[in-house]
Undergrad: 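Attaching a single structure in C-alpha cells format; questions to follow.
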Amino acid sequence: MKLSILIFFTFSLSLCAWNGLNGQTPRDTTDQQVETPINYDEAKVPSYVLPALLTCSNGQIVTGKNEWTKIRRPELLELFTSQVFGRVPSTPYTKTFKIVKTDPNAMNGAATLKLLDITITAQSKSLTIRLGLFTPNKATKPVPAFLLICNRAPKNIDFTRTVKSEFWPAEEVIARGYAIAAFDNADVDPDKDDGFKDGIHGLLDTQRNAESWGTIAAWAWGASRCLDYLVTDKSIAPDQIAVIGHSRGAKTALWAGATDQRFAMVACNEAGCGGSSLSRRRYGETIYQINRNFPHWFCTNFRKYNGKEDSMPVDMHMLMALIAPRPLYIASAEQDLWGDPRGQYLALFYAVPAYNLFGTKSALPDGMPPVNQPVISGNVAYHVRDGKHNLLLKDWNFYLDFADKRLGKNQK
Ligand code: GTR
C-alpha cells in the first residue's frame, strides 16, 4: 500500500517536472484513448447538457445586465482565458505607428489608402504589423469600419489592388460607405508550431505554463493593436469598428471581440471548432482533432478536454455571450460539415439569453434558417450560405446589411 502511494507520488511529481520543463504538455501520448471516428451524422450526436450561461460559480442566477457585467462575464472571460485561448503575458512593450504610404486617389479616386507600420518593441526585439486601410473619399463624416484578420495568403488583402479577392472585397465595402482595413495574422505570429519562439511570443513570453497564450490569442492581441490605431484615425468613427475573420481568423475575431470591448461588432465567418460550434456536439472537428493538428492555437489546458468535452466548464455559446450586447453575426457554409453549421447556429441560439439581459428581445427560430436567408433578431444575426468553407462577397454583403442596421451608419 505504502509502496503504491510512493510510486503514485513519484509518478505525479515527475509528470509535474516534465510539464514544468518547458511549460507545455508534450504532444498527447493518450491519442488512442480519445480518438473517435469523425461524426457527420446528426443522429449520432450524443446527448449533452450545456453549462448554464446565466448561473454564476457561486450558484447565483443572473437576472440583469449589472450582474452579468460585474460577475458572470468576468468569470466566463477568465475561464476562456485559462482553459481555452490562454493568457497574454504582462511583459511591458512599446508601440509606435508610422504611416509609410498615403494615396488619396486609390481605387480610381474612390478611396484614400493608408499603409501603416505598427511596431512593437520588448526585451530588445521588435516586430512590425503592417496595417492597410482604405477610407471612402465621398464620406462627409467619420465612417464605420471593418478590420479583417487575414489568415490567408497576403495577396487576398492586396493593398495595391492588383489582385482582387472576394475574401476582402475592398472596392465593394468602400462603395457602401465603410472603411476597410486588414492585417496579415502572420505578422503577429506565424501559423506554425515552433514552440512559441517566433512572432509576438518571441517578444513577450517569459516563463510559459499551461495557461500561456496560444497563437489565436496572439492574433486577437494583434487585432487590438490595429484597433489602437484605427480609433485615432479621424476618418473613422471610433465606436463603429467591426472585427471580421474567417475560420481560424473567425475564432480569432470572436476572441478579439470578447477581450476587447472597443470592437463594436463581430462578424464570425465559419469559425467552427474552438470558435463558433458547440464542442459538446462532437460533430465534425473535435477538440481532440484541433489540438492534435494545431497544437499551437490554444493554451495547453485546452488539451484537458480532448475527448472530454462534457468536463469543459464552458462551451462556445458562452464565448458568443461575451460579445453581448454588441452586434454579433455568426455565419456558416452549408457544405462546411467539418465546422458543424448546426452547432454554430445552436451556439448563437443559446447565447441569446445574455443579449436579452440588455433589454432587447432577440429570439431566433428553433430550427436552422434556410440557406442564404439571414436571420436578424436584435443584435444577433446568422446565415448559412450555400457552398463550401470560404469567405465570399455574398457573406460580406450580408454582414454589411446587418452593419447598416446595427453599426451606426443608418441606425434603424
Ligand atoms: C482547418 C481547421 C479548422 C479551421 C480551418 C481554417 O483545418 O481544422 O478549425 O480553422 O482550418 O482556418 O481554414
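For ligands, and for the atoms within them, numbers begin at 1 and follow the listed sequence.
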Undergrad: At what distance, to the nearest 0.5 angstrom, does CZ of Phe97 lie from NZ of Lys114?
TA: 12.5 Å
Undergrad: Could you tell me whether ligand 1 has any atom less than 4.0 Å away from a heavy atom of His389?
TA: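 His389 counts as a contact of ligand 1 under the 4.0 Å cut-off.
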Undergrad: Taking the six-membered ring of Phe398, is the NZ or CZ of Arg385 close enough (under 6.0 Å from the centre) and on axis enough (within 45°)?
TA: no
Undergrad: Which heavy atom of the protein is the closest neighbour of atom 9 (O) of ligand 1, given with residue, atom name and distance?
TA: Glu285 OE1, 2.6 Å
Undergrad: Among all protein heavy atoms in this structure, tell me which lies nearest to atom 7 (O) of ligand 1, with the distance rounded to 0.1 Å.
TA: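 Result for atom 7 (O) of ligand 1: Phe294 CZ, 3.4 Å.
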Undergrad: Examine Trp297 against ligand 1 and note whether any of their N/O atoms are separated by less than 3.5 Å.
TA: no
Undergrad: Below the 3.5 angstrom mark, is there an N/O of Arg248, backbone or side chain, next to an N/O of ligand 1?
TA: yes
Undergrad: Show the atoms of ligand 1 that are less than 4.0 angstrom away from any heavy atom in Lys251.
TA: 3 (C), 4 (C), 9 (O), 10 (O)
Undergrad: Quick one: are the ring centres of Trp396 and Tyr178 less than 6.0 Å apart?
TA: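 Between Trp396 and Tyr178, the centre distance exceeds or equals 6.0 Å.
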Undergrad: Any donor-acceptor pair under 3.5 Å linking the side-chain atoms of His296 with those of Asp194?
TA: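 Distance-only check fails for Asp194 and His296.
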Undergrad: Are more than 12 heavy atoms from other residues, nucleotides or ligands located less than 6.0 Å from atom NZ of Lys101?
TA: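 12 or below, so no.
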Undergrad: Considering heavy atoms of the protein only, find what lies nearest to atom 13 (O) of ligand 1 and give residue, atom and distance to 0.1 Å.
TA: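 Sorting protein heavy atoms by distance from atom 13 (O) of ligand 1 puts Ser247 OG, 2.8 Å first.
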Undergrad: Using a 4.0 Å cut-off to any heavy atom of Ile290, which atoms of ligand 1 qualify?
TA: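 Numbered from 1, ligand 1 contributes 9 (O).
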Undergrad: Do you see a donor-acceptor pair shorter than 3.5 Å between the side chains of Ser332 and Tyr382?
TA: yes
